[in-house]
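A quick write-up on the structure given underneath.
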Amino acid sequence: MPLDDILARIRTAESAANRAAGSVTLIAVSKLQPLDRVMAVLKAGHRVFGENYVQEAQGKWPAFRERFGPLSVHMIGPLQTNKAKLAMDLFDAIHTVDRPSLAEKLARLAQDRGRAPEMFVQVNTGAEPQKAGILPGDADAFIARCRDLDLPIAGLMCIPPEGEDSTPHFRALAEMTARNGLSGLSMGMSGDFEAAIAAGATHVRVGSAIFGARAYG
Ligand SMILES: *Cc1c(COP(=O)(O)O)cnc(C)c1O
């Protein structure tokens, strides 16, 4: 199945970059995919998934967790502040901490619960006006602000501009991550995950290359 091909390509990319086998986590992005395709990947033994919509995730993953046991489900889509509480219950990681109001809300919820999912700050490396994320020039201050709030940040995440070479964006994000003493690097999708691994990705988010085209609408 395509999952095995992607896993093999990840191993090859790790080895080409002189990185340990297994140092990259494959997040299988299951948003807007028919349940039978997701089930096939679960049955093949994969346990790490990504979703973009809180409601869609809520309708899918509690039942899958009951049936398949422990799973790791990552939120990779924009998160509305009024869904932050639900997201804290549903997800094992949130890759889209992208503004102060959301960081403050998540920090308050984390304080109340005494635990939190793994958090990534989304950086808008291409400074695209339509795209979510902290601007590169504001990233260091934002990460410091998250630390002040006691919000544990594992790393940074980016979605490079479409139609551009991703590598300079991946390198810039890796540099920002190192500069801030972080280690998590969520970057790389179906079309560019090998380049992301070469630049140091610890988490790649691959959807259509595993599951096929998504049903939009
Ligand atoms: C949908 C999505 C992906 C997966 O994209 P593919 O091109 O299907 O691999 C990865 N990251 C984010 C943030 C997404 O929204």
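Each ligand, and each atom within it, is numbered from 1 in the order the structure gives.
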**OP:** Name the option, out of R214, R205, M75, that contains the heavy atom nearest to atom 8 (O) of ligand 1.
**Re:** R214

Original post:
Does H95 reach ligand 1, in the sense of a heavy atom lying below 4.0 Å from it?
Top reply: no

Subject >> Selected option - heavy-atom contact closest to atom 14 (C) of ligand 1, from M157, M189, K31 >> reply: K31

**OP:** Just jot down the ring-ring contact (aromatic ring centres under 6.0 Å, His included) partners of F170, sequence neighbours excluded, or say none.
**Re:** none

Original post:
Any sub-3.5 Å donor-acceptor pair from N124's side-chain atoms to K131's backbone N or O?
Top reply: yes

**OP:** Go through ligand 1 atom by atom and flag the ones less than 4.0 Å from a non-hydrogen atom of G207.
**Re:** 4 (C), 6 (P), 8 (O), 9 (O)

**OP:** For V206, take its heavy atoms, then give the atoms of ligand 1 lying under 4.0 Å from any of them.
**Re:** 9 (O)

Original post:
Atoms of ligand 1 less than 4.0 Å from I159 heavy atoms?
Top reply: 13 (C)

Original post:
Do the side chain of E14 and the main chain of V24 share a donor and acceptor less than 3.5 angstrom apart?
Top reply: yes

Original post:
To the nearest 0.5 Å, how far apart are CD1 in I210 and OG in S190?
Top reply: 7.0 Å

Original post:
Which hydrophobic side chains are connected to I159, either touching it within the sub-4.5 Å cutoff or through other members that do?
Top reply: F120, M157, M189

**OP:** May I ask you to list the atoms of ligand 1 that are less than 4.0 angstrom from any heavy atom of N52?
**Re:** 14 (C), 15 (O)

**OP:** For atom CZ of R99, decide whether the heavy atoms of other residues, nucleotides or ligands shown that lie under 6.0 angstrom number more than 12.
**Re:** yes

